Amino acid sequence: MSVLAEFSKWLAATPLSHTIQTTSWMIPAIQTLHILGVAILFSSAVLVDLRVLRLLQRDVPMPEVTRRFLPVVWPILVVLLITGGLLIIGEPRRSLLNSTFYIKMALLALALLLTAGVQRFVVSPAARDAGRGRRIMAGAVASASLLVWCGILVAGRWIAYTQAG
Amino acid sequence: MQPLQALIAFAEDSSLAESIRENDILFPLLESIHVIAICLVVGSIFAVDLRLLGLAYIRQPLDRVTKGILPLTWCAFALALGSGGLLFISNASKYLENGYFVAKMLLICAAGVNMAMFHLIGAKDLPRWDGAALPPLPARLSGGISILLWIAVVACGRWIGFTMKVGT
């Protein structure tokens, strides 16, 4: 048995896992919180990206938009890690033995890098009076961020369809 | 048979509904689009609601916040309606028998009524307080009710998945 399968088995035998498994409302309730967190995080990222691409809020100064929507990323991410962690503890095999889950985590890491990239190319003082090259770069980073965030949500949904039996 | 029931039965019997039912990829793909759309609807509405409650974005007039964000909300809502409609016709009669599905539809209608009430009552004197950090009570109530309704919509959506087995 692989280390991951071993670990999943151990995790599934913990009292916390047992509680989550045997209380019927627990998993849908945690998933609801998780989706609400995703909604806030994803919408914040999309609103910033659409502003960078000049598709929305064009009359609002860029720093105003990022100051509004980027700081929520970190506290919401903590909520997502806790609810996501509880879902893994409740059904370890569903994600830990599922390659879709690892794709989702890789995309998440990429999305956070791109968010940092938006910060660097758009928000930093040096980017204010940016040249053409810098603006194109910012647009590319924002477009990539939009795609990667959609990828995270698709992968999240697909975990349910690719779980180990 | 009532016209609406006939229409739903017709949609469920269509070859489009059959392909969504039978195809292994189509159903989860539509679900993915639906989740993306719902997340954008809920997340962007929360941003406007928090402004209505005077809890966020208070340095900007309400009018500017709604003009900047609601276009995204409406596009996403159209996408949610389209993808949700396709998911619905694939198993229409089973969805209609599901209490959480019916509750979800009623809650979305309630959110629509809440929005209409805001435009009719809360926003009547909007120009007078548009720039105020803290909007008057009726507007704050609309914002608070909206947040609660959309949380309930998401919860019902998730519970549908646990109370009926389709698409897998």
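Any value given below was found using the heavy atoms of this structure, including those in side chains, with hydrogens, waters and symmetry copies removed. Below, chains carry the letters A, B, ... as their sequence lines are ordered, and counting in each starts from 1. Keep in mind the model is a prediction, meaning the values are calculated, not measured.
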Query raised in the report: Between B:Ile151 and chain A, which part of the residue has a heavy atom less than 4.5 Å away: side chain, backbone, both or neither?
Result: both
Query - Side-chain donor/acceptor of B:Arg64 to backbone N/O of A:Asp59, under 3.5 Å - result: yes
Report task. Mind running side-chain contact (heavy atoms from CB on, under 4.5 Å) on B:Ile69 and A:Leu56 for me, showing each step along the way? Result -> CA-CA 7 Å; B:Ile69 293 178; A:Leu56 272 184; over 6 Å; no
Query raised in the report: So do the side chains of B:Trp150 and A:Leu36 get within less than 4.5 Å of each other, counting heavy atoms only?
Result: no
Query raised in the report: Which residues in residues 16-27 of chain A have any heavy atom lying under 4.5 Å from a heavy atom of chain B?
Result: A:Trp25, A:Ile27
Requested in this report: Taking all heavy atoms of B:Pro28 and all of A:Arg157, pick out the closest pair and write down the distance.
Outcome: O-CG, 4.3 Å
Query - Which atoms of B:Tyr57 approach chain A - backbone, side chain, both or neither, heavy atom under 4.5 Å - result: both
Requested in this report: Let me see the working for A:Arg67 and B:Arg59 under side-chain contact (heavy atoms from CB on, under 4.5 Å), right down to the final yes or no.
Outcome: CA-CA 11 Å; A:Arg67 198 182 315 129; B:Arg59 291 176 353 151; 2.2 Å; yes
Query raised in the report: Side chain, backbone, both or neither: which part of B:Ala76 has a heavy atom under 4.5 Å from chain A?
Result: neither
Query raised in the report: Any donor and acceptor pair, going by atom type alone, linking the side chain of A:Ser43 with main-chain N or O of B:Cys39 inside 3.5 Å?
Result: yes
Query raised in the report: With only heavy atoms counted, which part of A:Val154 is less than 4.5 Å from chain B, the side chain, the backbone, both or neither?
Result: both
Report summary line: Checked B:Leu29, B:Val41, B:Val42, B:Val65 vs chain A; the most non-hydrogen pairs under 4.5 Å come from B:Leu29
